[in-house]
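Notes follow once the structure below has been shown.
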Amino acid sequence: MSFEPKILGILCNWCSYSGADLAGTSRKKYPANIRIVRVMCSGRVDPVFILKALQSGADGVLILGCHPGDCHYTSGNYKALRRMEMLKKLAEQMGIEDDRIRLDWVAASEGDRFAEIIKDMTEKIKQLGPFPRDGGDNG
Amino acid sequence: MAKPKVALYWAASCGGCDIGLLEIGENLLKLIEAVDIVFWPVAIDVKYKDVEAMEDGSIDVCLFNGAIRSSEQEHIAKLLRAKSKVMIAYGACAYQGGIPGLANMYNREMIMERAYLETPSTENPDKVLPQTSYQAPEGELTLPLLFDTVKTLAQTVKVEYIIPGCPPEAQTTWMALEALITGQMPPVGTVITGNAKAVCNECPRKRDVKKVKKFYRTYEIDPDPEICLLEQGLPCAGIATKGGCDARCPKAGMPCTGCYGPVDGVIDQGAHFMNAIASVIDSNDPNEIGKIIADIRDPAGTFYRYSLPDSILRRARV
Ligand code: FES
């Protein structure tokens, strides 16, 4: 059986979630590997959410927010950007592949772009295989 | 009434916790007057077999320092758990893995190779590595097994209380011991520090706006003695660390490294600290953010200095 990754998507309410909605209403095809959680703004996303998701079953985590300059709360997505840059540097050290954690921007009008991102991320994580959850063997 | 029986033990630790205990000074006399110390490898000659011979639950309190990273340490932790009514994780290593917990950035094989083959001062042409069992002419010799992954005490046995610190400050240790002697222990599960808030709360430095364009390592700058260290670009963990130490490090011009563990309600101290650091970066430009972050050379060692085994990820994937 081929590996079907589980990807957690955390999408901001104003742009990205509407973008995902548009992808749905315009019947764009994209892999069913994504599970979406809506938050008010990408600035709400704590790195703990991402680490916890990986540790509890996700093989990848995707954060989507409004394009830079477009955040409904002016600067939440910049905050997300700073946190994600930091987290990615830590993740590299911890042996978590770069493609498992992704921050990107999707506007309300970008249903196509949303579908593309999901396709791309699913493909990449399929290559990587499941996220190794065990804390190492002690035997 | 018989005096309460107390046991003390060290597992994967540096010995600093035992010295930390001596830091209580003349209160040590009060302690010895009030309790019977039945086991303390660093100070009194009681063997493992003597502990094995004790009845289950016959020790009132065990103060256990050090992380668990070998079969011997795991065995003694379980043994002392069975013999003790109350188990206290004493110090950062027992609590969150501590400095030895950073071994979780590697695995057993890598550690063995580094220690016995690669280090510049090692000469080992036959590539001899420690074995858990060796058949000598006189009989079998054994050594404990080194674990792949360092564990905290609470990941090994049930723990009732925590006294944090690297090592615990004298006032913290004494606060706990006094409660113990007078029979006024707090609710089970308490991290005993006397302060539920962050180190910042005890720090006298002036705080203003936290906007940082560059992070420094401690040797790179001579920080202003009055102003918040984080505002000066030193990654200070005070914001993500439970108080009770009286902010000794920031008061002396050194950023907090987080040895008292997370503030109440936080599940991952390192991620909390990382979040705080990311939030003070004064830039919206991806390239510039990348540059500023590059100044933090060792994020895992900075954010998880004492807490890697207790973190969500527990270890690096190697
Ligand atoms: S509201 Fe969309 S990123 Fe802030």
Side-chain angles (χ1 to χ4, degrees), chain A residues 42-59 61 63 65-71 73-98 100-101 103-105 128-139, chain B residues 68-71 74 103-108 145-151 155-156 212 266-304 308-309 311-318:
Chain A
S42 63
R44 173 66 185 91
V45 181
D46 188 315
V48 163
F49 300 173
I50 296 160
L51 299 174
K52 246 194 140 169
L54 289 172
Q55 198 60 32
S56 22
D59 302 299
V61 183
I63 314 296
C66 312
H67 282 272
D70 289 349
C71 170
Y73 308 98
T74 30
S75 59
N77 49 4
Y78 290 118
K79 191 171 181 172
L81 179 66
R82 292 191 281 268
R83 285 174 169 173
M84 294 297 282
E85 289 284 324
M86 196 87 231
L87 177 66
K88 281 188 149 247
K89 191 167 176 198
L90 174 79
E92 186 191 338
Q93 227 186 340
M94 298 298 287
I96 301 172
E97 299 90 341
D98 195 55
R100 290 198 193 272
I101 304 173
L103 171 70
D104 220 318
W105 320 119
L128 292 174
F131 177 71
R133 257 163 286 282
D134 61 325
D137 88 277
N138 263 350
Chain B
I68 308 295
R69 69 180 307 198
S70 78
S71 53
E74 188 182 58
N104 285 359
M105 295 304 292
Y106 311 94
N107 62 21
R108 174 172 46 222
L145 172 75
L146 182 78
F147 289 163
D148 221 24
T149 298
V150 180
K151 294 188 290 178
Q155 285 165 358
T156 311
V212 173
V266 168
I267 51 164
D268 189 305
Q269 184 186 13
H272 189 57
F273 182 19
M274 178 173 71
N275 225 345
I277 292 292
S279 308
V280 300
I281 295 171
D282 182 21
S283 174
N284 286 340
D285 170 58
N287 286 332
E288 197 186 15
I289 293 173
K291 259 209 208 110
I292 299 173
I293 283 174
D295 289 333
I296 307 212
R297 304 282 171 84
D298 174 16
T302 306
F303 303 137
Y304 291 100
L308 189 56
S311 68
I312 294 171
L313 291 172
R314 286 200 181 183
R315 63 159 14 271
R317 273 61 185 165
V318 290

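Keep in mind it's a predicted model, so treat the numbers as computed, not measured. Proteins get letters first, then strands, A, B, ... in listed order; numbering begins at 1 in each. Computed over heavy atoms, backbone and side chain alike; hydrogens, waters and symmetry mates excluded.
- Between the side chain of A:Q93 and the backbone N or O of B:A300, at least one donor-acceptor pair lies under 3.5 Å.
- For the pair A:L87 and B:M274, the tightest heavy-atom approach, listed with the atom from each and the gap, is CD1-CE, 3.6 Å.
- Interface remark: B:I267 contributes side-chain atoms only to the contact with chain A (heavy atom separation under 4.5 Å).
- Among residues at least two apart or in separate chains, salt bridge (Lys or Arg N to Asp or Glu O under 4.0 Å) pairs with a member in residues 288-302 of chain B are B:K213-B:E288, B:K214-B:D295.
- Neither the backbone nor the side chain of A:I50 comes within less than 4.5 Å of any heavy atom in chain B.
- When all heavy atoms of A:M86 and B:I296 are compared, the closest pair comes out as CE-CD1, 4.0 Å.
- Ranked by heavy-atom pairs under 4.5 Å with chain B, the first of A:I96, A:N77, A:L54, A:D46 is A:D46.
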- Query: Between B:D268 and A:K52, does a side-chain contact (heavy atoms from CB on, under 4.5 Å) hold up when you go through it step by step?
  - Reply: CA-CA 10 Å; B:D268 189 305; A:K52 246 194 140 169; over 6 Å; no
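- Of the atoms belonging to B:P309, not a single heavy atom falls under 4.5 Å from chain A.
- Taking all atoms of both residues into account, the shortest heavy-atom contact from A:L51 to B:L313 is CD2-CD1, 3.7 Å.
- Evaluation of the side chain to side chain donor-acceptor pair (under 3.5 Å) rule for A:D98 yields A:K88 as partners, not counting sequence neighbours.
- In this structure, chain A has a heavy atom under 4.5 Å from the backbone of B:S283, while its side chain stays farther away.
- Closest approach of B:P286 and A:L81 over heavy atoms only: CG-CD2, 4.0 Å.
- The neighbour count for B:Y106 OH, taken as heavy atoms of other residues, nucleotides or ligands under 6.0 Å away, does not exceed 12.
- The candidate from B:N275, B:L308, B:I289 with the greatest count of non-hydrogen atom pairs under 4.5 Å with chain A is B:N275.
- Atom CZ in A:R133 sits 9.0 Å away from atom CZ in B:R317 (nearest 0.5 Å).
- Closest non-hydrogen pair, B:I293 versus A:R82, comes out as CD1-O, 4.0 Å.
- With hydrogens and angles ignored, the 3.5 Å screen pairs no side-chain donor or acceptor of A:R83 with any backbone N or O of B:I277.
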- Item | side-chain contact (heavy atoms from CB on, under 4.5 Å) assessment of B:M105 paired with A:M94 | CA-CA 7 Å; B:M105 295 304 292; A:M94 298 298 287; 3.8 Å; yes
